[in-house]
Undergrad: 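The structure is given below, and queries will be raised subsequently.
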Number of protein chains: 2
Amino acid sequence: MSYRLPPLNSLRAFEASARHLSFKRASDELCVTPGAVSQQVKSLEASLGVQLFRRFPRGLLLTAEGESYLPLISNAFRAISDATEHVAPALKGRFLRVGVSRALSERRHPAIEGLRRGEERPRTKLITTDDLGKLIDGKLDVLLRTSPQFPPGLHADRIALPTPSGPALPATLVTLPGLAGCREVRALLKLLTRA
Amino acid sequence: MSYRLPPLNSLRAFEASARHLSFKRASDELCVTPGAVSQQVKSLEASLGVQLFRRFPRGLLLTAEGESYLPLISNAFRAISDATEHVAPALKGRFLRVGVSRALSERRHPAIEGLRRGEERPRTKLITTDDLGKLIDGKLDVLLRTSPQFPPGLHADRIALPTPSGPALPATLVTLPGLAGCREVRALLKLLTRA
DNA sequence: CTTCATGGCATAGAAAATCTAAGTCAACAC
DNA sequence: GTGTTGACTTAGATTTTCTATGCCATGAAG
């Protein structure tokens, strides 16, 4: 038997916003802009014909409908997430595993430190290493190093890390080809190259 | 706590294909082309790194992973669908409620008859009526009539219904503006104007 | 054997959805 | 008063989804 599902991407924006009671914090979690979250939630409300949030200048409150919807949607997403991890155990890690070479790690670059402290998105687990083998073995998702060298078959972005004072620091972000375009890696790239 | 969700639209394509063991029949249900379903499922398999189907020239079989994934995903979608109906009761109808004027109804137009017998998509519930009031009152989603007249505020598409023999039959498909762009209405339009 | 029907696959491009950047507004803090 | 924060809106950029088309492999019918 078929069902009618609401727009699922919008539902994701709703769920994250409802947990945080903030489009801003939801946008951080989802690695998109607050405007995108706002639009998605608005679009969901329009398609449902139901207000899910009360908006305030500095945040959100759930309506009664939103209050009743949230746990049901969160549980369904949790079930999907768990089922997915069960079927594809390789997706179990909830963090982007980022190798950072010792040289860069010791530079205490602000964005990298922010990631380390959990203050920046995407969520990452930082590992001090420059071992490309870990990338190939699937033990890392991304490797950030100063050396521009990388073996064929991997994908590399040459970037300039802005420094608080002085010239930008050249670095290379290496990934498996399949991961190069994923949202978290792109978000990481953007974070690292941000002024 | 956040989760990592697979691409939800692809998941929808997987779930429908797995129920039907056919991209073709899933495409009918989802009102998209088989090629689109195929691409979505393939994309999901790539992002999970797991084969979900075995393909055969005349259909699909589920892999062990696909077998274990399906009930979990179906249940989650069911939960979302139920939650959505609970929060937005107006969405309860699972059928597109189509009013067909008596004149058109009596013509026994093939596409309309196909809809009536449940042989054509989108799923519709046909009601013989030409009462625009029902549309405005929300008791109908769409009204198909021969008359080109409709009140301001509604949306109308003037269409030509192909007949098996003879010239196309002019008709008007009237909807509330909010519904005019929705997938089911568009699918209905396409079905009715198909040669 | 040939022909026809069926359905999955791949591709290029069209269409739609999603997102971003930028600016506005309303509150709150100092 | 100014500055900060976060929600809202808009236009356009970007990405995703979809379509149309043709190809391929099978199975059924003649």
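Here is the naming used below: chain letters follow the sequence lines, and residue numbers restart at 1 for every chain.
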Undergrad: Below 3.5 Å between N/O atoms, which protein atoms pair up with nucleotides 27-30 of chain D? Just atom names and distances, please.
TA:
none

Undergrad: Distances under 3.5 Å between protein N/O atoms and the N/O atoms of nucleotides 18-24 of chain C, please, pair by pair.
TA:
residue	atom	partner	partner atom	Å
C:dC19	OP1	A:Arg183	NH2	3.0
C:dC19	N4	A:Gln39	OE1	3.2
C:dT20	OP2	A:Thr33	N	2.4
C:dT20	OP2	A:Thr33	OG1	2.9
C:dT20	O4	A:Gln39	NE2	3.0

Undergrad: Using the rule given for side-chain contact (heavy atoms from CB on, under 4.5 Å), can you reason through B:Arg107 versus B:Leu169, listing the C-alpha separation, both sets of side-chain angles and the distance that settles it, and then say yes or no?
TA: CA-CA 10 Å; B:Arg107 291 293 289 260; B:Leu169 188 61; 3.7 Å; yes
Undergrad: Using whole Å, what does the distance between atom P of nucleotide D:dT19 and atom CG of B:Leu30 come to?
TA: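 Value for this atom pair: 10 Å.
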Undergrad: In this structure, how many angstroms lie between the P atom of C:dA27 and the CZ atom of A:Arg54, rounded?
TA: 15 Å
Undergrad: Which pairs, with at least one residue in residues 53-77 of chain B and sequence neighbours excluded, count as a salt bridge (charged side-chain N to carboxylate O under 4.0 Å, His left out)?
TA: B:Glu45-B:Arg55
Undergrad: Give the rounded distance in Å between these two atoms: NZ of B:Lys42 and P of D:dT16.
TA: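 To the nearest whole Å, that distance equals 17 Å.
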Undergrad: Using whole Å, report how far NZ of A:Lys24 lies from C1' of D:dC8.
TA: 16 Å
Undergrad: Could you list by number each residue of residues 59-70 of chain B showing a heavy-atom separation from DNA chain D of less than 4.0 Å, or answer none if no residue does?
TA: none
Undergrad: Taking the side chain as every heavy atom from C-beta outward, state whether B:Asp82 and B:His86 have any atom pair closer than 4.5 Å.
TA: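 Not touching, per the 4.5 Å side-chain cut-off.
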Undergrad: Tell me the interatomic distance from B:His20, atom NE2, to C:dG7, atom P, rounded to whole angstroms.
TA: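 In whole Å, C:dG7 P and B:His20 NE2 are 13 Å from each other.
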Undergrad: According to ring-ring contact (aromatic ring centres under 6.0 Å, His included), does anything in residues 20-42 of chain B pair up with another residue at least two apart or in another chain? List the pairs.
TA: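 Every ring-ring contact (aromatic ring centres under 6.0 Å, His included) pair that includes a residue of residues 20-42 of chain B, provided the two are not neighbours, is B:Phe23-B:Phe53.
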Undergrad: Whole angstrom is fine here: how far is it from CZ in B:Phe23 over to P in D:dC18?
TA: 14 Å
Undergrad: For a quick test of reading the model, state the closest non-hydrogen atom pair linking B:Arg116 to B:Ser105 and the distance between them.
TA: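 Looks like NH2-OG, 3.1 Å.
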Undergrad: Expressed in angstrom and rounded to an integer, what is the separation of B:Arg25 atom CZ from C:dG7 atom C1'?
TA: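 About 10 Å, once rounded to whole Å.
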Undergrad: Check whether any side-chain N or O of A:Ser38 sits under 4.0 Å from OP1 or OP2 of D:dA7, and answer yes or no.
TA: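 Indeed not, no polar side-chain atom of A:Ser38 lies that close.
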Undergrad: Do A:Leu188 and A:Leu115 make a side-chain contact, defined as non-hydrogen atoms from C-beta onward lying under 4.5 Å apart?
TA: yes
Undergrad: Which donor-acceptor pairs under 3.5 Å do the side chains of residues 31-40 of chain B make with protein atoms, sequence neighbours left out?
TA:
residue	atom	partner	partner atom	Å
B:Thr33	OG1	B:Ala36	N	3.3
B:Gln40	OE1	B:Ser10	OG	2.7

Undergrad: Identify the two heavy atoms, one from B:Ala16 and one from B:Ala26, that lie closest to each other, and give their separation to 0.1 Å.
TA: C-CB, 3.7 Å
Undergrad: Side-chain contact test, heavy atoms from C-beta onward, threshold under 4.5 Å: evaluate it for A:Leu143 versus A:Val100 and give yes or no.
TA: no
Undergrad: State plainly whether the residues A:Arg19 and A:Glu15 are in salt-bridge range, i.e. N to O under 4.0 Å.
TA: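 Yes, A:Arg19 and A:Glu15 are salt-bridged.
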Undergrad: Could you tell me how far apart B:Phe56 (CZ) and C:dC9 (P) are, to the nearest whole angstrom?
TA: 11 Å
Undergrad: Give me the atom names and distance for the closest heavy-atom approach of B:Ser147 to B:Thr172.
TA: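 Looking at all heavy atoms of both residues, the shortest contact is O-OG1, 3.1 Å.
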